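The block underneath contains the structure these notes are about, expressed in structure tokens.
These numbers come from the heavy atoms of this one structure, side chains and all, not from hydrogens, waters or symmetry mates. Residue numbering restarts at 1 for every chain, and letters A, B, ... go by the order of the sequence lines. All figures in this text were calculated on a predicted structure; none of them were measured in a lab.
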Amino acid sequence: MIDYLNGLNERQKEAVTTIDGALMIVAGAGSGKTKVLTTRIAHLMAKGVDAFNILALTFTNKAAKEMKERVEHILGNHEARNLYIGTFHSVFARILRSEATKIGYPSNFTIYDTDDAKSVIKTVINEMNLDDKHYKPSTVYNRISSAKNALVNAEEYKTDWHIQQEDMRSNRPAIAQIYDSYAKRCFKNGAMDFDDLLIKFYELLKTVPESLSKYQRRFKYIMIDEYQDTNPAQYEIIKLLGAMHENVCVVGDDAQSIYSFRGATIENILQFQKDYDNVHLVKLEQNYRSTKNILNVANEVIANNKGQIEKTLFTDNGDGEKIRLVRTMTDNDEGKFVADTIQEQKLRNHYRNKDFAILYRTNAQSRAFEESLRRMSIPYIIYGGISFYQRKEIKDFIAYLRLIVNPKDEEALKRVINYPARGIGKTTIDKCVLYANEQNISMWEVLTKAQQFGFKAGTLEAIDQFVTMIRSFASMFQKNNAYEVAVHVGKQTNLVKELFNDKSTEGLQRYENIQELLNSIKEWVDDTANRQQIDDDGVMIDEQDPFAASDPAQKELSFDAPASPQQTTSNAVTLGAYLQQITLLTDADAKDPDADNVKLMTIHAAKGLEFECVFAAGLEEQLFPNALSINTREELEEERRLFYVVITRAKKKLWISYANTRYKFGQIVQNEPSRFLDELPEDFIDKSYAGGGSRNQGSSFGSGSAFDRLKGGFGNKSNDYDDVAKAEKRYGAPPKTASSKPSFSITPARPQTIEHKPDTDFVASDTSNLQEGQRVEHQKFGFGEVVKMEGSAHNPIATVKFELNGEKKIMLNYAKLRIVS
DNA sequence: CGTTACCAGATTTTT
DNA sequence: TCTGGTAACG
């Protein structure tokens, strides 16, 4: 074992070796927080605490994984794998999987991501005959989400005078009702949204004493990272869990609290000291990350906030360079400046791509940087935006798997029932939902009993085929693993083939994505199989085997396929576990942080990370501080903390940039420089690129001199065709912009229909036996020849080559054709 | 029922 | 600029 206490400073040592009782570690930016946390866990284990008794809650899955590895490294054995480490959401989801039936949920409950949740809300709103323009699903979702994070249930929401006043004021009195219906609908679907993972777990602890004492006894030591970003629900859960042993250690920095929009509250830090006896407080104030200049600027900026926990960050690092303030004409110039500067720094100081991060307030700002980096052939990767599992094709495919696991999952069902098109359209789906509501059964059940509901024969047949297909997937799942089933699903549904046949760039991409999904499922299956072996050796922990206990809810879950319930459940459970895991995965978890590329992300996403060189971009009024967050002192202070967070991400060099104008919805808007720029202490700032002052005045980058100066040495070097081609291969072609289009537009002349006048006695023929080669007349398009027949028997499509109007696809069920010969 | 073409509305941050 | 929802048409 490594002598882990070596190399810790006195404060850090104190934090690590204080193991009993409540401990609060106030850890300034770059003060070695992660090191302290991991060492503390290792210390606990070295002192004989069983890994099974340690719970550590982190902010990201990535952080959890990293901590596990570091503990393993310190101890030099594999005990760390038994630790309970993860995000609040993933740890609770895992526990809930085994306990869900105790609060009435199926063990294989689905986790709804934000899209699913909004879609359910929208359904509910429409069913209540409310206007979804006024009750916008995303607004309502946010409102419900905040309520949940404050542990306010639908009942309390309805009766809380203050909340009702707010809703009245915004003229949305029905939100309480929507909340109620939404919660009921999720329950009926056997689904939990992100917030439910917290509040349902809380409910479990509150209402099921055995579960409470089970987990209280288990988690003898609890540690919470990023404590400043916890919300009341999380706070209460920890309070319950820690009540028996009171060995709760929280680590946080009030200056980095940036998630209040998600219900986080710094109050939790103050409350902590009230709720626990003799809270031991340790402050980590020595910064090991940044230069003196960077730290001085950060300290000065954050000092503008009032009411913080007293602390002074200091460092033994050198002064470093001054922070550079950069002003450009447009957002594109800002992009160009950053790309140029990266190129220059790489050449001059031998930096690698991965030493750079471009950080911004909103995801939309990434565009300009992408373009400029691509043009310079600098490899980059964007964090955030839509994650892999949010892509449409992936979600559609996964919906099949979701449906196999949990047939009550209405969102999944609606996604796949007519994808790919199989003749079950909107009208039919609406009817199904209606019947389901009337009879208070699931939509899936309506489908299985479709004969009872009087659908048209054709529709009935389509439904029947669909039901049979899904059932066959489910029964196949008893003998085969998730990967085999997934491949089978892809084949049976024709999804893979369809994408394969789509030869457009996007189609190709989608096809590759599906392949990647299948690979990841395979990887996961293999991985799980391995773990199973370990588990069989007796290391298995009970949460991973929820079906050891008998389970009454299981029956309604399973399909009426026969045989081996053991197999079914355990397979379904593992697939359920996989599905849960991927909905909780963020973009960042999937990407390799060590890859040699420039990182682009929002400041929120950069929390906890550090880089040699940082570009803090878009320091403009309206944008940063954001226009939506300047209405109260609290909001503004949070924006300032965000600014503090960006600054403190940098180890060696920091650029702060802003543009005079930038594109918004394709329109140019002008912004003033950010008010935060006025708070930068002159002494540590190099303003030579900012035109002399921080406010709009003098010359600036992009308008002339500074840009030219900079360009002189190293400008267009790598811009030759090959590199661009290479880059495009790697990153895809650059998005089309106004500038890349020819200035004259070649709008293809819209193929105009040449009028054809049919005879007054034009009679449509029976086209059910139409053959290729036959000559036909169309009312509008005139005479032509059938060149191709396709489509299904239900929906035959003829391609007709018209003499006057070229090839048209004619749907025989609707269009009228006269057979000439 | 399915496809397409057009128009409106959206951008704060995320598990 | 991009996306999703809808209307109109085949």
Side-chain angles (χ1 to χ4, degrees), chain A residues 57-61 86-93 111-114 117 122 132-133 136 138 142 145 148-149 193-198 226 229-231 233-234 258-264 359-367 383-387 390 392 418 420-429 456 458-459 462 583-589 601-607 618 622-630 635 638-639 641-642 645 663-667 735-738 750 753 778-781 791-792 794-798 800 808-817:
Chain A
L57 297 168
T58 60
F59 199 68
T60 62
N61 295 300
T87 62
F88 278 90
H89 293 266
S90 65
V91 167
F92 297 167
I111 297 176
Y112 278 167
D113 67 14
T114 313
K122 192 174 175 189
D132 63 13
K133 289 265 155 52
K136 276 186 285 191
S138 48
N142 286 333
S145 176
K148 285 183 172 181
N149 284 321
D193 66 18
F194 286 143
D195 305 317
D196 285 335
L197 294 176
L198 305 182
E226 308 284 9
D229 289 323
T230 54
N231 61 40
Q234 293 165 327
I258 53 174
Y259 279 95
S260 72
F261 70 93
R262 222 168 72 186
L359 308 178
Y360 35 74
R361 177 69 241 264
T362 67
N363 280 308
Q365 285 167 259
S366 67
R367 202 213 76 243
Y383 285 71
I386 20 108
S387 88
Q390 311 251 41
K392 222 179 294 165
N418 203 31
R422 52 173 68 88
I424 306 177
K426 197 176 175 313
T427 10
T428 310
I429 295 173
K456 277 187 294 181
T459 314
T583 45
L584 292 175
L585 227 48
T586 53
D587 198 41
D589 298 322
M601 64 186 97
T602 62
I603 299 165
H604 283 89
K607 192 165 74 131
Q622 310 298 339
L623 191 61
F624 192 8
N626 194 272
L628 295 167
S629 302
I630 47 174
E635 284 176 349
E638 177 144 327
E639 293 287 301
R641 289 194 292 270
L642 216 36
V645 170
Y663 279 90
K664 194 183 183 187
F665 304 142
Q667 292 270 253
K736 286 163 212 91
T737 62
R750 204 191 145 69
T753 310
H778 184 273
Q779 290 204 70
K780 245 203 203 136
F781 302 139
S792 62
H794 299 295
N795 185 31
I797 299 167
V800 181
K808 300 268 179 206
K809 293 206 170 194
I810 308 287
M811 301 177 93
L812 298 180
N813 286 349
Y814 305 99
K816 292 187 177 95
L817 283 183

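- One finds no side-chain N or O of Thr114(A) lying less than 4.0 angstrom from the OP1 or OP2 phosphate oxygen of dT14(B).
- As a whole-Å value, the separation of Phe59(A) CZ from dT13(B) P is 14 Å.
- Arg367(A) has its CZ atom 9 Å from the P atom of dC2(C), to the nearest Å.
- Between His89(A) and Leu198(A), some side-chain heavy-atom pair lies under the 4.5 Å cut-off.
- What separates NZ of Lys426(A) from C1' of dC1(B) is a distance of 13 Å, to the nearest Å.
- If you take CD of Gln365(A) and P of dT13(B), they are 9 Å apart, rounded to a whole angstrom.
- Between Thr427(A) and dC1(B) there is a side-chain polar atom (N or O) within less than 4.0 angstrom of OP1 or OP2.
- Heavy atoms of Lys133(A) sit nowhere under 4.0 angstrom from any nucleic acid atom.
- Within the 4.0 Å cut-off from OP1 or OP2 of dG2(B), at least one side-chain nitrogen or oxygen of Asn418(A) is found.
- Two residues are said to be in side-chain contact when any heavy atoms from C-beta on lie closer than 4.5 Å; Leu584(A) and Thr87(A) fail this criterion.
- With centres under 5.5 Å and a plane angle under 30° as the test, the ring of Phe88(A) is not stacked against the base of dT15(B).
- Note on Asn363(A): a side-chain N or O is less than 4.0 Å away from OP1 or OP2 of dT14(B).
- Sequence order on DNA chain B of the closest nucleotides to Gly425(A) and Glu639(A) puts Gly425(A) first from the 5' end.
- Lys607(A) has no side-chain polar atom (N or O) that falls below the 4.0 Å cut-off from OP1 or OP2 of dT13(B).
- With contacts defined as side-chain heavy-atom distances shorter than 4.5 Å, the pair Thr586(A)/Thr60(A) does not qualify.
- When the P atom of dT3(C) is taken as reference, atom CD of Gln390(A) falls 14 Å away, rounded to whole Å.
- The separation between Phe665(A) atom CZ and dC7(B) atom C1' is 15 Å, rounded to whole Å.
- Among the heavy atoms of the strands, none lies under 4.0 Å from Asp132(A).
- Using a 4.0 Å heavy-atom criterion, one finds that Lys122(A) contacts the sugar-phosphate atoms exclusively.
- On the C1' atoms, dT13(B) is 23 Å away from dG4(C), given to the nearest whole Å.
- The side chain of Lys136(A) places an N or O atom within less than 4.0 Å of a non-bridging phosphate oxygen (OP1 or OP2) of dA10(B).
- There is a side-chain donor-acceptor pair under 3.5 Å between Asp195(A) and Ser145(A).
- Among the candidates Tyr259(A), Tyr360(A), Phe59(A), Tyr383(A), the single residue satisfying the ring pair (Phe, Tyr, Trp, His ring centres under 6.0 Å) test with His604(A) is Tyr259(A).
- Taking side-chain N and O atoms only, Thr602(A) has a distance below 4.0 Å to OP1 or OP2 of dT14(B).
- Contacts of Tyr663(A) with the nucleic acid, taken as non-hydrogen atoms under 4.0 Å apart, are absent.
- Separating the CD1 atom of Ile603(A) from the P atom of dT12(B) is a distance of 15 Å, rounded to the nearest angstrom.
- Atom CG in Leu197(A) sits roughly 13 Å away from atom P in dT15(B) (whole-Å rounding).
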